[in-house]
Every structure is written in structure tokens, then in C-alpha cells.
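Scroll down for the structure; my scribbles are underneath it.
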Number of protein chains: 2
Amino acid sequence: MSRSYKDKKVITIGVISELTGLSERQIRYYEERKLIFPERSNGGTRKYSFDDVERLMEIANKMEEGMQTFEIRKQEKQKMKKEQLRDEMIRGQLNAAFKMRK
Amino acid sequence: MSRSYKDKKVITIGVISELTGLSERQIRYYEERKLIFPERSNGGTRKYSFDDVERLMEIANKMEEGMQTFEIRKQEKQKMKKEQLRDEMIRGQLNAAFKMRK
DNA sequence: CGTGTAAGGAATTCTGACACG
DNA sequence: CGTGTAAGGAATTCTGACACG
């Protein structure tokens with residue numbers, strides 16, 4: 001419920017550019033490098049979410065620090081893997097606890 | 001902080017139309033009747049918030065019930081007045097309580 | 001590699017008006 | 001009153017390419 005807004009892809013690239021301070025060129029390029037994943041309207045115009053705004057801000061910071069796009073992408077992957085592992089562990093422990101009760 | 005997204009005017013009329021199911025014509029008309037207040041880009045395109053989406057849904061419901069735009073506007077005004085009064089009362093009581101303590 | 005830019009075209013939005021009821 | 005629609009123009013976005021470094 002509270003995520004419904006942050007995740008909804010409804011914002012146009014011009015507005016995203018204003019919100020993030022990045023050029024449209026940069027934003028499209030980060031998509032090409034698989035750092036960001038906008039949806040498309042029927043006509044083909046890109047649509048972003050507030051979550052994407054936040055992600056772009058992080059990307060911008062890392063770029064300023066001299067990081068390269070592929071490094072950022074790798075870092076993201078690592079983070080996702082860790083989160084997945086953590087979730088699996090939690091699920092596993094819940095499962096074990098559940099079995100013990102019967 | 002949690003309002004920062006709902007209030008931000010970033011959505012284009014086409015998307016608003018999709019989200020609400022209303023035609024662009026209807027959305028512009030409700031603005032003309034002072035029921036909704038989008039911002040504008042430099043170029044003049046309207047920009048709406050998620051809050052506006054919710055407001056438009058309510059308007060749509062009332063229209064379906066046969067209510068007229070001026071009635072809806074009047075109702076809104078009443079609601080705002082009530083809320084204002086309530087806030088003033090709370091503030092007044094807080095003030096009174098505060099004075100008593102000194 | 002990351003970004004700017006000019007180019008041409010397509011999608012999107014805008015306004016004012018006419019129509020219907 | 002509330003909404004659809006065709007009309008013409010302007011703002012917005014899109015892609016592929018060249019440039020620089």
C-alpha cells in the first residue's frame with residue numbers, strides 16, 4: 001500500500017531530469033547500461049517512478065566519485081544477492097520453527 | 001517526508017487519464033471548474049500529483065451520483081472550513097493549556 | 001567511457017470552437 | 001451543464017549518429 005506510489009512508473013523524462021539534475025542524455029545512457037529500467041507508453045515515451053529518482057541520485061553520486069557504470073551495476077547485483085540470501089535464511093528459519101511446532 | 005511524493009506535481013495528463021479512467025477533456029474541464037489545480041511546465045503542459053489522482057477519483061464518483069461541479073466545489077469548501085475550525089480549536093486549547101502551566 | 005549536440009520524425013499536449021442536449 | 005471531437009500549432013520525446021577525449 002505505501003509502496004504503491006514510489007513504484008508506479010508515471011513520470012516523464014523531462015521531469016526526471018529536473019528532479020535529479022541529470023541531463024536526459026545521461027538518464028537514457030544509464031538505461032542503456034542497465035542501471036535503470038523505465039517503462040514505456042504505447043507511443044514509446046519513457047515513464048519513471050519516484051523510486052527511479054532515488055536510484056538515479058545514488059547513481060549520480062557514484063559517478064561523481066569516479067565509479068564506472070559497470071562497477072555500479074556489479075555493486076547493485078551484489079546488494080540484491082545479499083538481500084536474497086538474507087530473505088532465504090529468514091524463510092528457512094521460519095520454516096524450521098514452524099515444523100518444530102507440529 | 002511521507003507526503004513528499006503524493007503532493008509532487010510530476011504526472012502528465014495522459015497518464016492521469018489512464019490512472020483515473022477519465023478523458024483528458026474531463027480532467028481539463030474539472031480544472032476549469034476549480035476542482036483541481038495542476039501546475040505547469042515552462043512549456044505549458046499540465047503536471048499532476050498522486051494526490052490529484054485520488055481527488056479526481058472522488059470527483060468522478062460524485063459526478064456519477066449526479067452531483068454537479070459547483071456542488072462538489074461547495075462541498076470541498078465546507079470540508080476545508082471544518083478542518084480549519086478544528087485545527088484552530090486544537091491550537092486554542094493547546095495554547096490555553098500552555099498558559100496554565102506558567 | 002560518458003556526455004553533448006544537431007537532425008528529423010513521431011507522440012503528446014494545448015487552446016478555442018462547434019456540437020449535442 | 002458536461003463532454004466529444006476535429007483543427008492547427010507548440011512542446012516533448014525518440015532514435016541513430018557524429019564528436020570529443
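Proteins get letters first, then strands, A, B, ... in listed order; numbering begins at 1 in each.
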| Between B:E76 and B:R55, is the closest basic N to carboxylate O distance under 4.0 Å? |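 Salt bridge flag = no for B:E76 with B:R55.
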
| said: Taking any heavy-atom pair under 4.0 Å as a contact, classify B:Y30: base, sugar-phosphate, or nothing. | reply: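 If one applies the 4.0 Å heavy-atom cut-off, B:Y30 turns out to touch the sugar-phosphate alone, with no base involved.
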
For the pair made of [atom1] in [X] and [atom2] in [N], what is the distance, rounded to whole Å?
X: A:K9; N: D:dT13; atom1: NZ; atom2: P; value: 16 Å
X: B:I59; N: D:dG2; atom1: CD1; atom2: C1'; value: 14 Å
X: A:E31; N: C:dT3; atom1: CD; atom2: P; value: 15 Å
X: B:Y48; N: C:dT12; atom1: OH; atom2: P; value: 16 Å
X: B:Y29; N: C:dC14; atom1: OH; atom2: P; value: 18 Å
X: A:E65; N: C:dG2; atom1: CD; atom2: C1'; value: 17 Å
X: A:R28; N: D:dT12; atom1: CZ; atom2: C1'; value: 10 Å

| said: Please compare A:T69 and A:G43 by the position of their nearest nucleotide in DNA chain C and report the one closer to 5'. | reply: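 Result: A:T69.
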
| request: Enumerate the residues from residues 10-27 of chain B whose closest heavy atom to DNA chain D is under 4.0 Å, giving them by residue number; use none for an empty result. | output: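 Close to the strand are B:S23, B:R25, B:Q26.
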
| Any donor-acceptor pair under 3.5 Å linking the side chain of B:E71 with the backbone of B:Q68? |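 At least one qualifying donor-acceptor pair exists.
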
| Just by distance, do the side chain of B:T12 and the backbone of B:G14 share a donor-acceptor pair under 3.5 Å? |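 No, the answer is negative, given that no donor and acceptor are paired below the 3.5 Å cut-off.
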
| note | Dot-bracket assigned to DNA chain C with the 3.5 Å Watson-Crick/G-U criterion, [ ] for crossing and | for other-strand pairs, is .||||.||.|.|.||.||||.

| message | Can you tell me if B:T45 touches the phosphate of C:dT12, counting only side-chain N or O atoms and a distance under 4.0 Å to OP1 or OP2? | response |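 Negative; the distance criterion is not met.
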
| B:R46 vs C:dT15: side-chain N/O to OP1/OP2 distance below 4.0 Å |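 So the side-chain polar atoms of B:R46 do come within 4.0 Å of the phosphate oxygens OP1 or OP2 of C:dT15, strictly under.
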
Find out whether [X] and [Y] are in side-chain contact, i.e. whether some heavy atom of one side chain is under 4.5 Å from a heavy atom of the other.
X: B:Y48; Y: B:I27; result: yes
X: B:E32; Y: B:Y29; result: yes
X: B:R40; Y: B:R46; result: yes

| said: Testing the basics here: between B:M67 and B:M63, what is the closest heavy-atom pair and its distance to 0.1 Å? | reply: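 Scanning both residues, the minimum pair turns out to be O-SD, 3.5 Å.
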
| query | Out of curiosity, A:I72 CD1 to A:T69 OG1, how far, rounded to the nearest 0.5 Å? | reply |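 So the gap between those two atoms works out to 7.0 Å.
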
| said: Nearest heavy atom decides the nucleotide; on that basis, is B:R33 or B:N42 closer to the 5' end of DNA chain D? | reply: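 The residue mapped nearer the 5' terminus is B:R33.
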
| field | Verdict with supporting geometry, B:E83 and B:K79, salt bridge (Lys or Arg N to Asp or Glu O under 4.0 Å) | value | CA-CA 6 Å; B:E83 284 168 5; B:K79 199 195 284 182; 5.9 Å; no

